[in-house]
Amino acid sequence: MKEAIKFILIYSIVSILILVLSQIAFHPLSAEIFSYAIWVYVFYAAIGSVAFLLFGLLSHKYTLSFKVRIICYAILCLFVLNSIPLLSEKKFLTFDAVKGLLAQKTEFIDIGIHIIAIASFIVSSIVVFRKSRVAQS
């Protein structure tokens, strides 16, 4: 359970840091959209904490292999990433981003959220699972 909470907290912090650093370096977002994006990541942290806490409780019951945990964490991150659009607009943000890429009609906020999510997932996985992977070897 500690692993799950640690993962989502690191994921959220890294996501916010990447967003802030990209805003400082490239200024892709207006101030209004940037403040909304920060709020969204804070909300994602809250949703993710609940989802990962529940997953942590379930994973204590069942022993999951390293690969299965990584896949479950990726699915949970995808759920967290799409939670606000699913709740508010009944849309799956990831599908819209893929459609936008295929139609070559996408903006930073559409694809940027996914790039930030992937980078945050990789960093969080390295930090959290490093000890688990070494212990398995």
Side-chain angles (χ1 to χ4, degrees):
M1 186 165 67
K2 287 181 187 178
E3 178 184 89
I5 296 298
K6 182 178 177 182
F7 183 89
I8 192 61
L9 290 177
I10 292 171
Y11 176 84
S12 299
I13 291 168
V14 170
S15 295
I16 290 171
L17 284 174
I18 292 172
L19 179 66
V20 169
L21 291 175
S22 68
Q23 183 67 17
I24 290 170
F26 306 112
H27 303 290
L29 305 172
S30 67
E32 180 182 357
I33 299 294
F34 177 70
S35 64
Y36 171 75
I38 292 290
W39 177 86
V40 165
Y41 280 113
V42 170
F43 193 72
Y44 284 161
I47 292 172
S49 295
V50 171
F52 276 80
L53 178 66
L54 293 173
F55 177 76
L57 292 171
L58 284 175
S59 67
H60 274 312
K61 262 187 165 178
Y62 307 101
T63 304
L64 301 175
S65 71
F66 178 74
K67 290 179 184 177
V68 171
R69 281 187 302 170
I70 289 283
I71 291 169
C72 289
Y73 278 42
I75 291 169
L76 281 171
C77 285
L78 193 61
F79 164 75
V80 168
L81 180 67
N82 288 284
S83 60
I84 292 176
L86 278 173
L87 293 172
S88 64
E89 301 172 20
K90 309 288 189 269
K91 290 170 52 177
F92 201 72
L93 184 64
T94 303
F95 290 152
D96 288 348
V98 170
K99 282 192 272 185
L101 280 175
L102 294 176
Q104 296 178 349
K105 295 179 182 177
T106 189
E107 297 178 18
F108 173 80
I109 196 70
D110 296 333
I111 199 68
I113 289 173
H114 288 82
I115 292 169
I116 291 170
I118 291 168
S120 300
F121 180 79
I122 291 169
V123 170
S124 301
S125 296
I126 290 169
V127 170
V128 171
F129 294 123
R130 177 183 52 205
K131 292 180 183 175
S132 298
R133 193 72 173 150
V134 170
Q136 286 182 348
S137 298

Return the set of residues passing side-chain contact (heavy atoms from CB on, under 4.5 Å) with Ser124 (not counting sequence neighbours), or none when no residue passes.
Phe7, Ile10, Tyr11

Give, for atom CD1 of Ile13 and atom CD1 of Ile18, the distance between the pair rounded to the nearest 0.5 Å.
12.0 Å

Please say yes or no: joined through hydrophobic side-chain contacts below 4.5 Å, possibly via intermediate residues, are Ile113 and Phe79 part of one cluster?
yes

Under 3.5 Å, sequence neighbours excluded: what are the donor-acceptor pairs made by side chains of residues 32-44?
from: Ser35; atom 1: OG; to: Ala31; atom 2: O; distance (Å): 3.3
from: Ser35; atom 1: OG; to: Glu32; atom 2: O; distance (Å): 2.8
from: Tyr44; atom 1: OH; to: Leu81; atom 2: O; distance (Å): 2.8

Leu54: which residues meet the side-chain contact (heavy atoms from CB on, under 4.5 Å) condition with it, sequence neighbours left out?
Val50

Contacts of Lys91 meeting salt bridge (Lys or Arg N to Asp or Glu O under 4.0 Å) (sequence neighbours excluded), chain-then-number -> Glu89, Asp96

So, for Leu93 and Pro85, which heavy atoms are closest and what is the spacing to 0.1 Å?
CB-CG, 3.8 Å

May I ask you to test the Phe55-Leu64 pair for a side-chain heavy-atom distance under 4.5 Å?
yes

What pairs with Leu78 under side-chain contact (heavy atoms from CB on, under 4.5 Å), at least two apart in sequence or on another chain?
Asn82, Phe92, Thr94

List the residues meeting side-chain hydrogen bond (donor to acceptor under 3.5 Å, both in side chains) with Ser49, not counting sequence neighbours, and say none if there are none.
none

When rounded to the nearest 0.5 angstrom, what distance separates CD1 in Ile116 from OG in Ser22?
5.0 Å

Would a hydrophobic clustering, with Ile, Leu, Val, Met, Phe, Trp and Tyr connected at side-chain separations under 4.5 Å, put Val68 with Leu76?
yes

Does the gap between the ring centers of Phe52 and Tyr73 come in under 6.0 Å?
yes

According to a 4.5 Å side-chain heavy-atom criterion applied to Ile, Leu, Val, Met, Phe, Trp and Tyr, with indirect links allowed, do Ile75 and Phe129 form part of one hydrophobic cluster?
no

I want to check something: taking the side chain as every heavy atom from C-beta on, are Leu29 and Leu19 in contact at a cut-off of under 4.5 Å?
yes

Could you tell me whether a side-chain N or O of Ser59 sits under 3.5 Å from a main-chain N or O of Gly56, the two making a donor and an acceptor?
yes

